[in-house]
Amino acid sequence: MSETSEVRARFCPSPTGTPHVGLIRTALFNWAFARHNGGKLVFRIEDTDAARDSQESYDQLLDGLRWLGIDWDEGPEVGGEYGPYRQSERREIYADVAAKLLAAGELYEAFSTNEEVEARRKAAGQDPKLGYDNFDRDLTDAQRDAFRADGRAPVLRLKMPAEDLAWTDLVRGDISFPAGTIPDPVLVRNNGEPLYTLTNPVDDALMRITHVLRGEDLLPSTPRQLALYAALRRVGVAEFTPEFGHLPYVMGEGNKKLSKRDPSSNLFLYRDRGFIPEGLLNYLALLGWGIADDRDVFSVAELVEAFDVTTVSANPARFDVKKAEAINGTHVRALDAGDFVTRVIPYLSAGGVLPEQPDDAQLAKLAAIAPLVQERVTVLSESVDMLRFLFIDEAKFAPEEAAATKVLNADAEPVLRASITALEALESWETAAIEQALKDALVDGLGLKPRKAFAPVRVAITGRTVSPPLYESMELLGRETSLARLHRAVPGH
RNA sequence: GGCGCGUUCGUCCAGCAGGUACGGACACCGGAUUCUCACUCCGGAGGCACGGGUUCGAGUCCCGUACGCGCUGCCA
């Protein structure tokens, strides 16, 4: 590419299955690369495999990207001058390009079946795993006619050059494949359908893509793409060959590439658990890249500012949920209080704690306690169990069984009775007054250690052994409800 | 089998042009704070896959081995 042309990166998934985190990491790096360089991100859908592609998957792709704020300059729903951006709508283009390449002698018709290739390999004493033997390159017209007369339809293969294919990978440096190690690839099926081997480079060329950043599984396909690009340039379809960068895998537990089937790879699992885009994006960026040697929490804006694909690591990264949660928690705590409330409401609704449209009283309570919850969760959905006690119908309230068994035993009775006595005498139902009254009654009065003293009260009030701070919780719950719960918790009642 | 990529604490990222004790983060362990949990703070344990070579000196360069992964499709 020339020095003056703008950067054009692309993200081109196949709509097969639910978007997974490795795919999103690739999208993120392409996006950050484009944004950092003031270029464009092209979003293209590679739906040439009708058997596996689905509209549902397509919708999920857009949904996931939009949720995360990864936007595109050209692609589905936004258009662009090089559209259409769904390969299923570009059939004529591929047919046209294939015809050009065939006419120019870059492609040739091949009739060999796999069985025939294998037989020839064996007959020559070669390993059949070597693949196609380029046999049909030299077919005569008469031979081709004979195959056709026999009812055979040819695939179209690309003539690979007899030279080493090398490039400087943006992530891995110089890479070279020896001449003759890559058989002529099929670009068009014998039913006329174009394959990925054709459509991907053709679209990249037509869409003027300057930088191809993709998963390392595609690295071995780069030589044949380089060869196709050279052919495309010779027939005037491509003006330049893009640069390539192969991103490391995102691995799951063990040593396996995170696959679409692995439930822990599902992007929406993280959304449902209450990862926020800031946190998930930050963590994903850490998979193969770092912003500085002593820092790993950063904003999307900082990512864009600093991103450099040549500093991406070449080795596979394992997805560590614990670290992802830690990073997410940091971003959750950094939210301003109102923003946190807005974001947590859908989770509380889904968890049955609040209606989808909370009323003013509920909103006020939530706003009051939200800061105390915000600093205690790593993912938003944790708020559900933490806040249930505050919004639940009183008739349905009951301490969790395990907590009750453990804490609301005979020893708890004097504690609860003393608490009730002290609290009933309170004039002002406020955090400070509640704290003072309980401390006087339990710590000074009964001589209990604080952590011992407050456990029964906590379980009686919140139903759990772990909760937001107790006095604040009681103030928000209200005097009447709080006292009622304490009464009910007294053993024998 | 062939080709390719990779290999620094359990995990992720630093350590980019070789030079005193390999740094940070998450996780883990211990402690401080504390009404629980969390946050915060302090401390700890833990690593250059192996073998050669180059060099006064190698995690850093070269070669080999091992291991892992990928590709080797009329999937993408």
Side-chain angles (χ1 to χ4, degrees), chain A residues 12-14 16 46-49 51-53 110 113-114 126-132 153-157 169 171-172 175-178 180-183 185-191 193-197 199-200 214-223 246 248-249 251 255-257 283 285-297 310-327 329-330 333 372-378 382 386 403 407 435 438-439 442-443 449-455 457-459 462 464-473:
Chain A
C12 49
S14 291
T16 59
E46 308 223 327
D47 52 351
T48 54
D49 185 356
R52 297 196 305 159
D53 301 325
T113 63
N114 291 337
Q126 297 168 333
D127 187 343
K129 291 193 170 180
L130 255 24
Y132 181 61
V155 298
L156 261 28
R157 289 186 185 265
D169 195 272
V171 174
R172 290 152 208 272
I175 295 178
S176 172
F177 284 71
T181 55
I182 301 159
V186 173
L187 302 197
V188 180
R189 280 179 164 148
N190 67 181
N191 64 3
E193 281 180 22
L195 292 168
Y196 163 84
T197 39
T199 62
N200 180 276
R214 39 143 64 155
E216 68 171 296
D217 50 332
L218 264 4
L219 190 149
S221 76
T222 305
H246 291 90
Y249 279 127
M251 314 289 277
N255 229 1
K256 299 178 302 201
K257 178 190 171 195
Y283 179 66
L286 253 18
L287 262 20
W289 186 76
I291 197 166
D293 60 4
D294 62 348
R295 185 160 84 105
D296 57 14
V297 174
T310 66
T311 65
V312 169
S313 163
N315 53 303
R318 247 157 290 274
F319 190 97
D320 180 351
V321 176
K322 282 278 180 50
K323 177 144 189 176
E325 288 172 350
I327 296 284
T330 304
R333 288 190 292 277
L372 302 175
V373 173
Q374 184 174 359
E375 66 180 50
R376 285 174 168 72
V377 299
T378 56
E382 288 174 54
M386 219 170 269
V407 176
E435 173 173 7
L438 286 177
K439 278 187 173 159
L442 306 181
V443 180
K449 289 230 192 295
R451 61 185 305 131
K452 271 279 184 196
F454 296 110
V457 181
R458 180 184 311 284
V459 173
T462 70
R464 309 176 76 220
T465 55
V466 173
S467 79
L470 184 57
Y471 322 123
E472 287 85 346
S473 297

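Labels below follow one simple rule: chain letters A, B, ... track the order of the sequence lines, proteins then strands, and each chain is numbered from 1. All figures in this text were calculated on a predicted structure; none of them were measured in a lab.
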How far does the [atom1] atom of [N] sit from the matching atom of [M], given to the nearest Å?
{"N": "B/rC22", "M": "B/rC48", "atom1": "P", "answer": "11 Å"}
{"N": "B/rG57", "M": "B/rC5", "atom1": "P", "answer": "31 Å"}
{"N": "B/rU40", "M": "B/rC56", "atom1": "C1'", "answer": "49 Å"}
{"N": "B/rC9", "M": "B/rA27", "atom1": "C1'", "answer": "12 Å"}
{"N": "B/rA21", "M": "B/rC37", "atom1": "C1'", "answer": "39 Å"}
{"N": "B/rU11", "M": "B/rG18", "atom1": "P", "answer": "28 Å"}
{"N": "B/rC67", "M": "B/rC50", "atom1": "C1'", "answer": "10 Å"}
{"N": "B/rA49", "M": "B/rA14", "atom1": "P", "answer": "15 Å"}

Answer with base, sugar-phosphate or nothing: what part of the nucleic acid does [X] contact at a heavy-atom distance below 4.0 Å?
{"X": "A/T48", "value": "sugar-phosphate"}
{"X": "A/T311", "value": "sugar-phosphate"}
{"X": "A/L218", "value": "base"}
{"X": "A/V186", "value": "sugar-phosphate"}
{"X": "A/N190", "value": "base"}
{"X": "A/R157", "value": "sugar-phosphate"}
{"X": "A/R52", "value": "base"}

Residues two or more places apart in sequence or in another chain: which of them pass side-chain contact (heavy atoms from CB on, under 4.5 Å) with [X]?
{"X": "A/N191", "result": "A/R189, A/E193"}
{"X": "A/K452", "result": "A/K449"}
{"X": "A/V171", "result": "A/D169, A/L247, A/V309, A/V312, A/A314"}
{"X": "A/E375", "result": "A/R333"}

The criterion is side-chain hydrogen bond (donor to acceptor under 3.5 Å, both in side chains); which residues satisfy it with [X], sequence neighbours excluded?
{"X": "A/R464", "answer": "A/E400"}
{"X": "A/T311", "answer": "A/W289"}
{"X": "A/T330", "answer": "none"}
{"X": "A/T378", "answer": "A/E382"}

How many angstroms lie between atom [atom1] of [X] and atom [atom2] of [Y], to the nearest 0.5 angstrom?
{"X": "A/I327", "Y": "A/D320", "atom1": "CD1", "atom2": "CG", "answer": "10.0 Å"}
{"X": "A/E46", "Y": "A/T199", "atom1": "CD", "atom2": "OG1", "answer": "5.0 Å"}
{"X": "A/R172", "Y": "A/N315", "atom1": "CZ", "atom2": "CG", "answer": "8.5 Å"}

Treating primed atoms plus P, OP1 and OP2 as sugar-phosphate and everything else as base, which nucleotides of nucleotides 20-43 of chain B get B, S or - for protein heavy atoms under 4.0 Å? ---BSBS--------BBBBS----
Take atom [atom1] of [X] and atom [atom2] of [N], then tell me their distance rounded to the nearest Å.
{"X": "A/Y196", "N": "B/rC74", "atom1": "OH", "atom2": "P", "value": "15 Å"}
{"X": "A/L187", "N": "B/rG73", "atom1": "CG", "atom2": "C1'", "value": "13 Å"}
{"X": "A/Y283", "N": "B/rC12", "atom1": "OH", "atom2": "C1'", "value": "6 Å"}

Among A/V188, A/L156, A/L187, A/V186, exactly one meets side-chain contact (heavy atoms from CB on, under 4.5 Å) together with A/L195. Which residue is that? A/V186
Mapping A/G131 and A/G288 to their closest nucleotides on RNA chain B, which lands nearer the 5' end? A/G288
I want to confirm an ordering. Mapping A/A292 and A/T113 to their closest nucleotides on RNA chain B, which one lands closer to the 5' end? A/A292
Distances under 3.5 Å between nitrogen or oxygen atoms of protein and nucleotides 1-8 of chain B:
residue: B/rG1; atom: N2; partner: A/K129; partner atom: O; Å: 3.3
residue: B/rC5; atom: O2'; partner: A/R172; partner atom: NH1; Å: 2.3

Could you work out, with ring-ring contact (aromatic ring centres under 6.0 Å, His included) as the rule, every residue matching A/Y471, not counting sequence neighbours? A/F454
Stem list for RNA chain B, please, built from Watson-Crick and G-U wobble pairs under 3.5 Å and keeping only runs of at least 3. B:1-7 with B:66-72, B:10-13 with B:23-26, B:28-32 with B:40-44, B:49-53 with B:61-65
